2 protein chains.
Amino acid sequence: MAATPDASEKDDEVDLPATAFAVLGLLTFGQDLSGYELRGWSKGSFRHFYWSPAQSQIYRELKRLEAASFAESHPVAQQDRPDKIAYRITPAGEQALARWVESQPVDRPVLKHHPAIRLFFGHMVDPAVLIDIVTEHREALVETLDDLEMQSVALTGEPTSGLSPLVFDWAAEIHRGDLRGTDLVLKRLAQLL
Amino acid sequence: MAATPDASEKDDEVDLPATAFAVLGLLTFGQDLSGYELRGWSKGSFRHFYWSPAQSQIYRELKRLEAASFAESHPVAQQDRPDKIAYRITPAGEQALARWVESQPVDRPVLKHHPAIRLFFGHMVDPAVLIDIVTEHREALVETLDDLEMQSVALTGEPTSGLSPLVFDWAAEIHRGDLRGTDLVLKRLAQLL
DNA sequence: CGTTGCATGTAAGGTGTTACATGATTAC
DNA sequence: GTAATCATGTAACACCTTACATGCAACG
């Protein structure tokens with residue numbers, strides 16, 4: 001039953017990268033969005049737990065999604081600003097997205113923690129410099145947490161689902177863990193001075 | 001004073017990606033390592049807070065590091081197994097690494113949390129499936145934490161510096177935050193059933 | 001009238017992965 | 001002898017980013 005390599009009749013498995021599905025997913029919240037808007041929503045929504053793709057990347061994924069007929073585009077005239085091209089998810093796209101959510105292997109999160117890797121090689125430099133780096137990281141963390149706490153409470157006008165606050169809270173816990181670790185590091189680095 | 005484009009005399013700024021410095025950094029722990037070994041150490045040491053590059057990538061970075069004279073290679077004969085090519089950091093490499101650690105802008109960590117982005121679009125699928133996904137993620141998390149706790153205590157024979165345990169503890173805090181978030185998610189998802 | 005924000009896109013290149021190829025050595 | 005581990009490497013490609021180019025609209 002399962003895909004004999006020869007009988008490639010039903011082998012429709014258009015197999016796109018995660019980024020494509022991330023973009024496609026933003027179209028499931030009930031609004032038609034342009035590439036420009038999607039760029040904004042991706043920053044506003046999943047930046048803190050799933051990085052934000054470059055603008056050019058988003059446009060490229062939209063082309064691919066349309067080619068796979070997972071999304072359709074239509075021009076939208078605007079008086080107060082330049083016209084735009086809005087995208088809408090298709091039923092085929094909804095199905096593909098659902099399959100992607102359901103039946104992917106559960107990959108481990110990938111963390112590229114730049115301040116941590118620098119500290120990992122911190123024996124090469126003056127500890128005072130390390131404290132500066134980690135302190136600056138801490139400030140960014142606090143900003144991130146503010147962001148996430150706001151997003152969890154007020155999703156003003158933004159396209160989301162009922163599960164969004166839950167994910168924001170999840171992400172906040174991760175960053176709070178980072179904050180705890182950061183403070184621990186700061187305390188221990190202070191002892192080295 | 002700052003680099004006139006013409007007077008390119010002192011413009012030695014060999015400007016390598018973070019991965020190159022991550023590999024180079026592993027050579028500062030006092031052992032000469034081969035590409036094969038570096039692949040192992042990178043998995044063993046910073047996988048949980050800085051992803052592990054592909055094997056072919058490591059070999060490529062080693063070539064580049066040598067070209068920049070940040071590292072030197074020398075063949076090492078082994079009786080019990082195939083000979084290898086071991087790499088050693090050079091004084092120029094040490095200097096470049098120290099500068100990299102000190103004077104980079106403090107980039108935010110990049111998190112690509114696959115389970116979280118899938119939950120973010122979880123309104124497309126049956127909640128029971130989401131619980132399965134998150135539960136599987138939880139199991140991986142526990143493994144990760146075991147890893148990190150062991151690394152923090154016993155660095156058996158592995159090349160590390162005095163700061164390593166600190167970074168492992170930091171990473172552990174981040175993953176413990178993830179664990180907290182995961183349990184929160186699981187609890188709330190159960191209410192949806 | 002120049003700057004900023006909206007909006008779309010291309011070009012070029014760097015980063016990183018998978019898959020493959022090779023060969024030695026150890027263990028079953 | 002054949003599988004697994006050690007060890008190095010290449011080829012092909014996918015992914016992603018930076019930088020640039022274009023044009024409209026609004027604001028001061």
Side-chain angles (χ1 to χ4, degrees), chain A residues 14-24 31-44 46-47 50-68 71 73-87 105 107-108 110-112 114 117, chain B residues 13-24 32-44 46-47 50-68 71 73-87 105 107-108 110-112 114 117:
Chain A
V14 188
D15 170 26
L16 299 165
T19 305
F21 287 104
V23 170
L24 188 60
Q31 290 185 32
D32 294 3
L33 299 168
S34 69
Y36 191 83
E37 288 165 328
L38 281 162
R39 176 177 150 270
W41 296 135
S42 79
K43 278 200 192 172
F46 50 69
R47 178 178 38 146
Y50 200 85
W51 119 104
S52 213
Q55 167 255 90
S56 66
Q57 185 70 10
I58 289 175
Y59 282 102
R60 199 118 54 69
E61 297 303 349
L62 284 172
K63 289 256 159 83
R64 277 210 275 192
L65 289 169
E66 195 165 27
S73 67
H74 52 98
V76 175
Q78 299 183 123
Q79 318 101 317
D80 49 340
R81 32 181 118 171
D83 296 351
K84 66 184 179 183
I85 300 168
Y87 287 82
D107 290 328
R108 283 183 197 233
V110 173
L111 180 57
K112 283 180 102 165
H114 305 100
I117 192 90
Chain B
E13 318 224 359
V14 187
D15 170 27
L16 299 165
T19 304
F21 288 103
V23 169
L24 188 61
D32 294 4
L33 299 168
S34 68
Y36 191 82
E37 288 165 328
L38 282 162
R39 177 178 148 269
W41 297 137
S42 80
K43 278 200 192 171
F46 50 69
R47 179 180 37 148
Y50 200 83
W51 121 102
S52 211
Q55 168 253 91
S56 65
Q57 185 71 8
I58 289 175
Y59 281 101
R60 200 121 51 70
E61 297 303 349
L62 283 172
K63 290 256 160 82
R64 277 209 275 192
L65 288 169
E66 197 166 25
S73 68
H74 51 99
V76 175
Q78 298 183 122
Q79 319 101 318
D80 48 341
R81 31 182 118 170
D83 296 352
K84 66 184 181 184
I85 300 167
Y87 287 82
D107 290 327
R108 285 185 195 230
V110 174
L111 180 57
K112 281 179 103 164
H114 305 100
I117 191 91

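The structure presented is a predicted model; accordingly, all values stated were derived computationally and were not measured.
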For this session: Provide the closest heavy-atom pair for B/Ile58 versus B/Arg39 in the form atom of the first, atom of the second, distance.
Result: CD1-CA, 3.4 Å
For this session: Report the distance from atom CG of B/Leu33 to atom P of D/dA7, rounded to the nearest whole Å.
Result: 11 Å
Problem set entry | Side chain of B/Gln55 (C-beta onward), nearest among D/dT10, D/dA25, C/dG9 | D/dT10
Exercise. Is any side-chain N or O of A/Tyr59 closer than 4.0 Å to OP1 or OP2 of C/dG9?
Worked result: no
Problem set entry | Between P of D/dC15 and CG of A/Leu16, the distance in whole Å | 8 Å
Exercise. Considering only heavy atoms and no angle criterion, is a donor-acceptor pair shorter than 3.5 Å present between the side chain of B/Arg60 and the base of C/dG16?
Worked result: yes
Problem set entry | Rounded distance (Å) that lies between atom C1' of D/dT10 and atom CD of B/Gln57 | 14 Å
For this session: Could you tell me the separation between the CG atom of B/Asp107 and the C1' atom of D/dT18, rounded to a whole number of Å?
Result: 15 Å
Exercise. Under 4.0 Å between a side-chain N or O of A/Arg81 and OP1 or OP2 of C/dT4?
Worked result: no
Exercise. OP1, OP2 of D/dC6 versus side-chain N and O of B/Ser34: anything below 4.0 Å?
Worked result: no
For this session: Name the nucleic acid region contacted by B/Gln78, choosing base, sugar-phosphate or nothing; use a 4.0 angstrom heavy-atom cut-off, strictly under.
Result: sugar-phosphate
Exercise. Reckon B/Arg39 touches a base, only the sugar-phosphate, or nothing at all at heavy-atom distances under 4.0 Å?
Worked result: nothing
For this session: Answer yes when A/Glu66 and A/Lys63 have at least one side-chain N-carboxylate O distance shorter than 4.0 Å, and no when they do not.
Result: no
Exercise. On a plain distance test, is the side chain of A/Ser56 in donor-acceptor contact with the base of D/dT18 below 3.5 Å?
Worked result: yes
Exercise. How close or far is atom C1' of D/dG9 from atom CZ of B/Arg64, stated in whole angstroms?
Worked result: 16 Å
Problem set entry | Side-chain N,O (B/Tyr36) to OP1/OP2 (D/dC6) below 4.0 Å | yes
Exercise. For C/dT15, does either OP1 or OP2 sit under 4.0 Å from a side-chain N or O belonging to A/Lys112?
Worked result: no
For this session: Test side-chain contact (heavy atoms from CB on, under 4.5 Å) on A/Leu62 and A/Leu38 and set out the steps.
Result: CA-CA 10 Å; A/Leu62 284 172; A/Leu38 281 162; 3.7 Å; yes
Exercise. Between A/Tyr87 and A/His74, is a side-chain contact (heavy atoms from CB on, under 4.5 Å) present by the stated rule, with each step listed?
Worked result: CA-CA 7 Å; A/Tyr87 287 82; A/His74 52 98; over 6 Å; no
Problem set entry | Whole-Å gap separating C1' (D/dC15) and CG (A/Leu65) | 15 Å
Problem set entry | Interatomic distance where CH2 belongs to B/Trp41 and C1' belongs to D/dC6 [whole Å] | 14 Å
Exercise. Would you say the side chain of B/Val76 lies within less than 4.5 Å of the side chain of B/Ile85, judging by non-hydrogen atoms?
Worked result: no
For this session: Considering just the side-chain nitrogens and oxygens of A/Trp51, establish if one lies under 4.0 Å of OP1 or OP2 belonging to D/dC15.
Result: no
Problem set entry | Which residue lies more 5' along DNA chain D, comparing A/Ser52 with B/Lys84 via nearest heavy atoms | B/Lys84
Exercise. Taking the side chain of A/Tyr87 as heavy atoms from C-beta outward, which of C/dG16, D/dC6, C/dG9 is closest to it?
Worked result: C/dG9
